[in-house]
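Just below is one structure, and these are the notes that go with it.
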Amino acid sequence: MNYQSRQARFEELFPNQPKFRFQQLEKNLFNYDFEDYLQMSNIPAEMRQTLQDDFEFISVKENLIQNSRSKDTYKATLEVEGGKLIETVLMQNKRGQWTVCVSSQVGCAMACEFCATGKMGLIKSLHCDEIIDQYRFWKYFLKKNPDLEQRISNIVFMGMGEPLANYENVKQTLNKLLKYTDLGPTKITVSTVGVIPALIKILNDPEWPHVRLALSLHSADQPSRKDIVPTTFNDFLDKIEEWAHEYLVKFGNKKHHLTFEYVMLRGVNDTPMHSKKLADFVMKIGNVKVNLIPYNYIGTQFECSTGEDIEKFMNKLKGSGVNVTRRKNMGTDIDAACGQLSNKQSKTKI
Ligand code: SAH
C-alpha cells in the first residue's frame with residue numbers, strides 16, 4: 001500500500017476548490033500556532049471540520065523519544081504509513097541551535113558494510129509529506145519544551161536511506177522546505193552514497209534546488225571503496241571526478257562547495273596510502289571540503305581509527321592543501337550517531 005499524499009486526498013475531497021486553497025493549507029502546516037485543522041481560521045469552517053475528521057494532522061506518529069545524557073541530542077522513533085518505523089535526530093550545533101537529521105527511506109538498499117541502516121535492506125521510500133513531517137515533528141517537540149532553544153537552523157538528509165534513490169520525493173521536500181521555512185539552500189545538506197545517474201540528473205534538472213551536497217566518498221582508492229561500499233562499480237572514482245568538475249563549474253562558488261564524507265575505519269581506509277590518494281583526488285577537483293567521520297560502532301567487524309591515526313590523516317590532508325574537518329560524534333549513547341539509525345524499537349524510555 002502506498003502513502004496517498006495530502007495533496008491527492010485534498011483534491012479528491014474538495015474537487016471544486018481553487019488551487020491556492022491547498023497552498024494555503026500547506027502554509028498553515030508550517031505555522032506552529034496551529035495545533036490542528038480546526039484552529040485554521042483562514043480556511044472555510046466546513047472544510048476545517050472535514051480535514052479534522054478525515055486527515056491526520058501529521059503523517060508521522062511518535063513511537064519513542066530518547067535523549068542523550070549530554071542533553072544535546074534527541075532521537076525520535078516515528079511510525080509512518082504501514083506501521084513502519086523510522087528514526088530522526090535533533091542535535092545541537094555549534095551555534096547552540098538545532099540541526100535536524102531526516103530519514104528519506106525506511107531501510108536502505110545500498111548495503112554499506114559499516115552502516116546499521118544498510119543492514120536492514122530497503123523496506124520503502126518515504127513520501128515527501130513523511131520527510132517534511134519529521135521536521136514539523138521536531139518543531140512541535142520544541143514548542144512543547146519551551147526551555148529548549150527553539151530555532152532549527154539546519155536540516156541534513158543523513159538519516160536512514162539514500163536520498164538520491166528517492167529522487168522525486170526528496171526534490172519535492174527540498175522545494176517545500178525552501179518555500180515554507182526560513183531555511184536557505186546553504187542550511188540544507190543532502191548526503192549521498194553517489195548514485196551517478198541521479199547526480200547527473202541534478203546537473204540538468206531546473207527543479208532541483210541547489211542545496212548543499214555531501215558525497216560519501218570513504219576512499220579514493222577504488223578497491224578499498226569497493227570493499228566497504230558495495231555499490232562502487234569499476235570506474236566510480238573517474239565518473240565522480242568528471243561529475244564533480246561539471247557540478248562545480250555550474251554551481252560552485254564561494255558559498256557553494258562540495259563535501260566529501262569519509263568514515264574513519266582502522267586499517268581499512270586510514271593508511272598513508274589512503275590519505276595520499278584522497279589528497280590527490282580532492283586537489284584534482286578543487287572546491288571540496290573533506291569531513292572525517294569517526295566510525296560509530298554498530299557491531300560489525302570494523303573499528304574506528306585511533307585518535308592518533310585520525311590526527312595523522314588530517315595533517316597529511318592539510319599539508320597537501322585540503323580543507324578538512326572532523327565531525328563531532330553526537331548521541332552515541334542512544335544509537336543516534338551517523339550510521340546507527342535502524343528501526344529497532346526500544347522499549348524503555350530514557
Ligand atoms: N545514504 C546517504 C546518507 C547516509 S548517513 C549516504 O550514503 O551519504 C550519513 C553518513 O554517515 C554517510 O556518509 C554514511 O556513510 C555515514 N555512516 C554510515 N554508517 C556509519 C557509521 N557506522 N559510523 C560513521 N558514519 C557512518
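Both ligands and their constituent atoms are indexed starting at 1 by order of listing.
- Nearest protein heavy-atom neighbour of atom 25 (N) of ligand 1: Cys338 CB, 3.4 Å.
- Atom 23 (N) of ligand 1 has Asn296 N, 2.9 Å as its closest protein atom, hydrogens excluded (heavy atom only).
- Less than 6.0 angstrom separates the ring centroid of Phe141 from the ring centroid of Tyr74.
- Between Asn154 and the choices Lys187, Gln97, Arg95, the side-chain hydrogen bond (donor to acceptor under 3.5 Å, both in side chains) rule is met once, by Arg95.
- Lys328 has its side chain within reach of Asp72: a pair of non-hydrogen atoms, C-beta onward, lies under 4.5 Å apart.
- The side-chain tip of Arg9 points at the ring of Phe55 from less than 6.0 angstrom away and within 45° of straight on.
- The shortest heavy-atom distance from Pro294 to ligand 1 is under 4.0 Å.
- Within the listing of ligand 1, atoms 18 (C), 19 (N) sit less than 4.0 angstrom from a heavy atom of Cys115.
- Checking Gln7 against Glu11 by side-chain atom types alone, a donor-acceptor pair falls below 3.5 Å.
- A distance of 6.0 Å or more separates the ring centres of Phe281 and His274.
- Ligand 1 places these atoms under 4.0 Å from at least one heavy atom of Val193: 6 (C), 7 (O), 8 (O).
- Near Tyr295, meaning under 4.0 Å from any of its heavy atoms, are these atoms of ligand 1: 21 (C), 22 (N), 23 (N), 24 (C).
- At the shortest separation from atom 10 (C) of ligand 1 among protein heavy atoms lies Glu261 OE2, 3.7 Å.
- There is no side-chain donor-acceptor pair under 3.5 Å between Asn296 and Thr332.
- Counting heavy atoms under 4.0 Å from ligand 1, residue Thr192 touches it through the backbone alone.
- Asp129 places a side-chain N or O within donor-acceptor distance of the main-chain N or O of Arg6, the cut-off being under 3.5 Å.
- Here atom 1 (N) of ligand 1 lies nearest to Gly161 when heavy atoms of Cys101, Ser191, Gly161, Gly339 are compared.
- Remark: minimum distance from atom 4 (C) of ligand 1 to any protein heavy atom is reached at Gly159 O, 4.2 Å.
- Shown in contact with Ile293 at under 4.0 Å from a heavy atom are these atoms of ligand 1, numbered in order with element: 13 (O), 24 (C), 25 (N).
- When only interatomic distances are considered, the shortest N/O to N/O separation between Phe114 and ligand 1 falls below 3.5 Å.
- Each of the atoms 6 (C), 7 (O), 8 (O), 12 (C), 13 (O), 15 (O) of ligand 1 lies under 4.0 Å from some heavy atom of Ser216.
- Counting heavy atoms of neighbouring residues, nucleotides and ligands inside a 6.0 Å radius, atom NZ of Lys250 exceeds 12 of them.
- Here Glu162 has heavy atoms under 4.0 Å from ligand 1 in both its backbone and its side chain.
- Which of Met158, His218, Met160, Glu113 comes nearest to atom 15 (O) of ligand 1 through a heavy atom is settled by distance: it is His218.
- By the neighbour-count criterion of 12 heavy atoms within 6.0 Å, atom CD of Glu308 is sparsely surrounded, having that number or fewer from other residues, nucleotides or ligands.
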